[in-house]
Amino acid sequence: MLLDQINGPQDLKDFSLEELEQLSEEIRQFLIEKLSVTGGHLAPNLGVVELTLVLHYLFDSPKDKFLFDVGHQSYVHKILTGRKDRFDTLREYKGLCGFVKRAESEHDVWEAGHSSTSLSGAMGMALARDLKGEDNRVVAIIGDGALTGGMALEALNHIGDEKKNLIVVLNDNEMSIAPNVGAMHHYLSKIRTDRHYQKAKDELQHFLNKIPAIGGKLAKTAERFKDSLKYLLVSGILFEQFGFTYLGPVDGHDMEQMLDLFKQADSIPGPVLVHVITVKGKGYSPAETDSFKWHGISPYKIESGQVVKAVGPPMYTDVFGNTLIEMAEKDKRIVAVTPAMPGGSGLLKFAERFPDRMIDVGIAEQHAATMSAALAMEGMKPVYAVYSTFLQRAYDQVVHDICRQNANVVFAIDRAGFVGPDGETHQGVYDIAFLRHIPNLVIMMPKDENELRRMMKTAIDYNEGPIAVRYPRISGLGVKMDEELLPLPIGKWETVREGDSAVILAIGPMLQVAEEAAELLKRDGLNVQIVNARFIKPLDEEMLLSFASEGKHILVIEESSELGGFGSAVLEFYSLRGIYGMPVRIMGVPDLFVEHGSIKEQRVEVGLTGERAAMELKSMLPSRQKRATGQ
Ligand SMILES: Cc1ncc(C[n+]2csc(CCOP(=O)(O)OP(=O)(O)O)c2C)c(N)n1
Ligand SMILES: CC(=O)[C@@H](O)[C@H](O)COP(=O)(O)O
Ligand SMILES: [Mg+2]
């Protein structure tokens, strides 16, 4: 196997084209086999096998810098840079990261996970290079989906003006996770599909090259003539107008063509955009046929393409999607808004049922938020479905356009809490901290899937401003669903276990952690009260005041940042009312980034366990209580 000879990109340099072809097939088989066990982003990586090989063959990483946008398509890069032996641990706890990771390799120079950052990174690295008088190449690899992200367009605008030497590789496979959307996508389709562009462009270039170099006024006219002709025919004119030299489109699976084009790109001063056409999932028919499903895939059987299905109660995501359909049948105001995540957010059936009321804006979380504000102000009921981690992109729009204008927007915040294999770039552990201080916003989190339905009813019925319901990337508890869909009283918590020794305030899945702690404490004669603190904002003030008057010790358990999270809100509540000395202990996500692994491993890593909660409570309780129970 040629792959066995590759321990670093330098081992590629003497390969012939035929050997590169053979190596690409070996890498493809390697990916299909390894990911059938680990799962991961198979389709994106199958689409960039040849492209990544060509880039590492031609350029000299790590001196030359590769910036992979999102980074979910960096597995081939990792294989070529000495990490092929670690793929059995892909996305596992303390294993190989599923995204670019500086700590893993000197070849990993730019981390991501969130999309559309590579062009800004490339510009920064090109600026630094030139200021330091160095001469390395800077190459950003960005997908057609990531190019719909606002940041990418901001960077294109700046790069094209600054004229720095850098190469942008546009990996165009017509797909975001779902089929790509937007005017940019249609523009790229025109370039991709309209072959007469290609022929006419070649003929034009041939003709223009024939025009002898001439001086004076005529030269200017000839130049203008060339440009106007180019405008008519050259396909990448949008990028040319942005100050780039556009090359392509080129078949992203034809290494000979790509080698020629990238050599040309490397010789052209200023910013160059190379438009590469690839097939997402290339070389594995289930992934090629349905690259949407195979974008991020669980372990599967190679021969049949059958995915190993998790059995059990429905995911919170599916309960959200099904309930939204049920409500939208009766309420014509409901409009679903998604920033390029119709599948992950559980909206595919909704889109089928209500195609006109399902708005996929592309990777544009900021635009989605502000557009939702306007929808609400015109009497619609926009349901902005977004992962907690991606909502981080729209913080100002939430403050400035939605909450300040008190717009009736519903936030359906999925992947709230730990997310498992995607790790630190995707953990949904900051939204409580970055949302709860914004005026006018209500924030809820259900204890189970039945309460999620009730919260959605609460949110749709609520017309006094923005309201958010956050739920985790896990399945529900398998509880019975209420026949009638009844709203909840805003700001009211619920005691789910009586007790007199102390009280645990828990949100979402942390109620199970609380129950484990209560059972352990019961063996020690301590009966703790457990409260489902399902409203993060507004707090249940009556209950909090009663804990103060009863002198209760309070343990808060939340799968979100300890700094600024729900526990901080409880502390602030007492402090702002001059109630001093309340014994409150917060158990949450500490001040660090929690890397990839399973959700359970991530909870154990930060101590979100029943055992620890029991220990914390016992350590809090005054000795008299312990004496009373023979402690
Ligand atoms: C800010 C942000 N929003 C949404 C996502 C989720 N996401 C991950 S990859 C992806 C599609 C990217 O499409 P493209 O750039 O074309 O890459 P491809 O998978 O097609 O190779 C999306 C929407 C993200 N990573 N970051
Ligand atoms: C790379 C990226 O951001 C998405 O593919 C993300 O991994 C999807 O996450 P879920 O698997 O939770 O839908
Ligand atoms: Mg794409």
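Order of appearance sets the numbers: ligands from 1, and atoms from 1 within every ligand.
Using modelled atom types and a 3.5 Å distance limit, the side chains of D414 and S345 yield no donor-acceptor pair. Between the side chains of E601 and S598, at least one donor N or O lies within less than 3.5 Å of an accepting N or O. No side-chain donor-acceptor contact under 3.5 Å links D422 and H72. Using a 3.5 Å distance cut-off with no hydrogens or angles, the side chains of H114 and T389 do pair a donor with an acceptor.
Heavy-atom proximity to atom 5 (O) of ligand 2, evaluated over R91, Q73, H295, is greatest for H295.
The closest approach between V419 and ligand 2 stays at or above 4.0 Å for every heavy atom of the residue.
By the 30° and 60° cut-offs, the orientation of the rings of H437 relative to Y395 is tilted. The aromatic rings of Y471 and Y316 sit parallel, their planes meeting at an angle under 30°, below the 60° perpendicular limit.
Residues E559 and V589 approach most closely at C-CG2, 3.9 Å, considering heavy atoms.
One finds the CG atom of L273 at 8.0 Å from the CG atom of L147 (value rounded to the nearest 0.5 Å). Remark: H41 NE2 to W294 CH2 distance equals 13.5 Å, nearest 0.5 Å. In this structure, I474 CD1 and M315 CE are separated by 8.0 Å, a value rounded to the nearest 0.5 Å.
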Under 3.5 Å: N or O atoms of ligand 1 paired with protein N or O:
unit_1, atom_1, unit_2, atom_2, d
ligand 1, 3 (N), E365, OE2, 2.7
ligand 1, 15 (O), A146, N, 2.9
ligand 1, 16 (O), D144, N, 3.3
ligand 1, 16 (O), D144, OD1, 3.0
ligand 1, 16 (O), G145, N, 2.7
ligand 1, 16 (O), M175, O, 2.8
ligand 1, 19 (O), H72, NE2, 2.8
ligand 1, 19 (O), K280, NZ, 2.7
ligand 1, 20 (O), N173, OD1, 3.1
ligand 1, 20 (O), N173, ND2, 2.9
ligand 1, 20 (O), M175, O, 2.9
ligand 1, 20 (O), K280, NZ, 3.2
ligand 1, 21 (O), N173, ND2, 3.3
ligand 1, 25 (N), G113, O, 2.8
ligand 1, 26 (N), S115, N, 2.9

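Note on the Mg ion (ligand 3): protein N/O/S atoms under 2.8 Å are D144 OD1, N173 OD1, M175 O.
Scanning the protein for heavy atoms near atom 6 (C) of ligand 2, the closest one is D422 OD2, 3.3 Å. The nearest heavy-atom contact from the protein to atom 13 (O) of ligand 2 is Y387 OH, 2.6 Å. Atom 11 (O) of ligand 2 has its closest protein heavy atom at R473 NH2, 3.0 Å. From the protein, the heavy atom lying nearest to atom 2 (C) of ligand 2 is H426 NE2, 3.5 Å. If you check which protein heavy atom lies closest to atom 10 (P) of ligand 2, you get R415 NH2, 3.4 Å.
Within the 4.0 Å heavy-atom criterion, the part of H41 lying near ligand 2 is the side chain and not the backbone.
Annotation: side chain of L90 is not in contact with side chain of K34 (no heavy-atom distance under 4.5 Å).
For F66 and H56, the ring centers are positioned less than 6.0 Å apart.
Ligand-side atoms of ligand 2 in range of F99: 1 (C), range being under 4.0 angstrom from any heavy atom. Which parts of ligand 2 touch F390 is read off a 4.0 Å heavy-atom cut-off, strictly below it: atoms 3 (O).
At distances below 3.5 Å, at least one donor-acceptor pair connects side-chain atoms of Y187 with backbone N or O atoms of L238.
Among H77, H426, H596, the one residue that satisfies the ring pair (Phe, Tyr, Trp, His ring centres under 6.0 Å) test with F99 is H426.
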